[in-house]
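Keep in mind it's a predicted model, so treat the numbers as computed, not measured. The analysis underlying the following values was restricted to heavy atoms, covering all of them including side chains, and did not include hydrogens, waters or symmetry mates. Nothing fancy with the numbering, it's 1 onward along the sequence.
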Amino acid sequence: MYVPKHFAVTDPEELRAFISANRFALLISDDDGTPFATHLPFLIDQDEHGDLRLSGHVARANPHANLLQNGGEHLVIIWGPHAYISPSWYQATPNVPTWNYATVHIYGEIQVVETPELIEILQATVITEESVIENKEPWQMDSLSADYIEKMARAIVGFRLKPTRIQGKWKMSQNRSVEDAKGAAEHLSAEQHPDQIETARIMQNLLDKRTK
């Protein structure tokens with residue numbers, strides 16, 4: 001990923017927080033020279049050494065299941081809020097439109113896991129996702145019979161990804177003047193779409209850092 005210096009995010013805690021908050025991502029693997037992609041929810045946790053780890057599963061019928069056995073790096077693309085930026089929001093002229101966004105690219109090695117570790121990943125994923133929805137009585141995998149869980153587990157392939165490198169990019173008008181970035185953030189914050197509002201929030205946080 002092309003990451004100009006002023007857009008780069010390298011703080012480990014900031015990256016970890018972003019990854020944890022955006023758990024639905026795109027897994028890309030090499031299929032004999034051709035990229036193959038699958039959209040997946042990921043479990044974000046840490047290994048026994050406290051290092052970041054991503055876990056997930058794909059359908060056994062998905063060709064990606066076989067690609068997980070390949071060596072080398074696999075790529076996970078995580079995207080956050082994004083929004084169109086109108087040049088009419090800048091003070092400086094002339095200008096052209098652009099798009100602001102936040103994303104993280106995670107390159108890593110993959111290890112396929114078997115039962116019971118696969119079941120542990122599924123259990124942890126359910127607990128994580130049920131905890132963030134408005135549900136007075138969270139659904140639990142324990143409500144299913146062991147036979148049913150085993151049957152469903154045979155239809156999927158679980159894996160863990162150990163990051164080898166992480167790239168963070170917040171393209172949020174840091175290359176613009178404070179006045180231009182502020183004008184864009186103020187206009188976005190007045191819009192209705194959640195992505196526009198969240199993009200404006202990130203832009204404002206970055207502006208606050210610049211003007212301290």
Side-chain angles (χ1 to χ4, degrees), residues 1-28 37-46 52-56 75-93 95-108 124-136 138 161 163 165-212:
M1 174 170 63
Y2 172 56
V3 188
K5 185 177 180 179
H6 42 265
F7 296 148
V9 178
T10 58
D11 180 77
E13 293 305 315
E14 189 172 5
L15 290 170
R16 187 182 291 253
F18 180 86
I19 294 167
S20 297
N22 298 279
R23 297 179 296 277
F24 191 76
L26 184 65
L27 173 65
I28 303 174
T38 299
H39 297 264
L40 294 171
F42 284 88
L43 173 68
I44 313 298
D45 62 2
Q46 58 188 29
L52 180 70
R53 177 176 65 180
L54 278 65
S55 306
L75 170 62
V76 174
I77 297 178
I78 299 177
W79 54 89
H82 56 91
Y84 171 81
I85 305 298
S86 171
S88 66
W89 299 341
Y90 296 146
Q91 289 189 16
T93 58
N95 270 298
V96 294
T98 191
W99 208 281
N100 279 4
Y101 60 89
T103 186
V104 170
H105 287 198
I106 303 172
Y107 300 84
T125 302
V126 167
I127 291 172
T128 298
E129 300 306 332
E130 288 285 331
S131 69
V132 297
I133 63 175
E134 294 294 332
N135 195 344
K136 294 181 179 179
L161 184 145
R165 54 193 174 111
I166 300 176
Q167 291 181 303
K169 181 178 183 179
W170 287 196
K171 181 183 176 297
M172 295 288 174
S173 299
Q174 301 97 311
N175 58 328
R176 307 293 314 187
S177 68
V178 169
E179 292 74 19
D180 282 355
K182 182 179 179 181
E186 288 176 348
H187 278 86
L188 277 182
S189 65
E191 298 295 331
Q192 301 298 316
H193 194 282
D195 270 345
Q196 294 172 307
I197 296 171
E198 182 62 12
T199 299
R201 186 191 68 79
I202 296 176
M203 291 175 65
Q204 187 59 56
N205 286 343
L206 292 170
L207 276 168
D208 291 344
K209 294 178 181 179
R210 290 172 65 183
T211 56
K212 278 186 177 180

Which donor-acceptor pairs under 3.5 Å do the side chains of residues 197-207 make with protein atoms, sequence neighbours left out?
{"unit_1": "Glu198", "atom_1": "OE1", "unit_2": "Arg201", "atom_2": "NE", "d": "3.1"}
{"unit_1": "Glu198", "atom_1": "OE2", "unit_2": "Arg201", "atom_2": "NE", "d": "3.0"}
{"unit_1": "Glu198", "atom_1": "OE2", "unit_2": "Arg201", "atom_2": "NH2", "d": "2.6"}
{"unit_1": "Thr199", "atom_1": "OG1", "unit_2": "His82", "atom_2": "N", "d": "3.3"}
{"unit_1": "Thr199", "atom_1": "OG1", "unit_2": "Asp195", "atom_2": "O", "d": "2.7"}
{"unit_1": "Gln204", "atom_1": "NE2", "unit_2": "Asp208", "atom_2": "OD1", "d": "3.0"}

Run the side-chain donor-acceptor check on residues 5-14: report pairs under 3.5 Å with partners two or more places apart or on a different chain.
{"unit_1": "Asp11", "atom_1": "OD2", "unit_2": "Glu13", "atom_2": "N", "d": "3.2"}
{"unit_1": "Asp11", "atom_1": "OD2", "unit_2": "Glu14", "atom_2": "N", "d": "2.8"}
{"unit_1": "Glu14", "atom_1": "OE2", "unit_2": "Trp170", "atom_2": "NE1", "d": "3.3"}

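Glu130 is not listed as a side-chain neighbour of Ile127, based on a closest heavy-atom distance of 4.5 Å or more. Residues Tyr90 and Glu179 have side chains not in contact (no heavy-atom distance under 4.5 Å, counting atoms from C-beta outward). Inter-residue side-chain proximity for Leu75 and Ile106 is flagged as unmet; no heavy-atom pair is nearer than 4.5 Å.
Of all non-hydrogen atoms in Asn22 and Ile78, the two that sit nearest each other are O-CG2, 3.2 Å. In this structure, Pro163 and Leu52 approach most closely via the heavy-atom pair CD-O, 3.2 Å. For the pair Pro41 and Phe24, the tightest heavy-atom approach, listed with the atom from each and the gap, is N-CD1, 3.6 Å. In terms of heavy-atom proximity, Pro81 sits nearest to Phe18 at CD-CE1, 4.5 Å. Here the closest non-hydrogen pair linking Arg176 and Ala181 is CB-N, 4.3 Å. What you find for Gly108 and Leu161 is that their closest heavy atoms are CA-CD2, 3.9 Å.
Partners of His187 under the ring pair (Phe, Tyr, Trp, His ring centres under 6.0 Å) rule, at least two apart in sequence or in another chain, are Trp89. Qualifying side-chain hydrogen bond (donor to acceptor under 3.5 Å, both in side chains) partners for Thr125, counting only residues two or more places apart in sequence or in other chains: none. Applying the salt bridge (Lys or Arg N to Asp or Glu O under 4.0 Å) criterion to Glu186, with sequence neighbours excluded, gives no partner residue. Under the rule for a side-chain hydrogen bond (donor to acceptor under 3.5 Å, both in side chains), the partners of Thr98 that lie at least two apart in sequence or sit in another chain are Lys171.
How far CG of Leu15 is from OG of Ser20: 10.5 Å, rounded to the nearest 0.5 Å. Distance check, rounded to the nearest 0.5 Å: OG of Ser189 to CD of Gln196 gives 10.0 Å. Taking CG of Leu188 as the start and NE2 of His193 as the end, the distance is 12.0 Å to the nearest 0.5 Å. Between the CD1 atom in Ile19 and the CD1 atom in Ile44 there is a gap of 6.5 Å [rounded to 0.5 Å]. Annotation: the span from His105 atom NE2 to Trp79 atom CH2 amounts to 10.0 Å, rounded to 0.5 Å. In this structure, OG in Ser173 is found 4.0 Å from CG in Asn100, a value given to the nearest 0.5 Å.
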Steps toward side chain to side chain contact (heavy atoms under 4.5 Å, CB included) verdict (Val76, Leu26):
CA-CA 5 Å; Val76 174; Leu26 184 65; over 6 Å; no

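In this structure, the side chain of Thr103 does not engage the main chain of Lys169 through any donor-acceptor pair within 3.5 Å. For the pair Asp180 (side chain) and Ala92 (backbone), a donor-acceptor distance under 3.5 Å is present. Of the possible polar contacts, one joining the Gln174 side chain to the Met172 backbone as a donor-acceptor pair under 3.5 Å is found.
Arg23 forms no cation-pi arrangement with Phe42, by the criterion of a distance under 6.0 Å to the ring centre and an angle within 45° of the ring axis.
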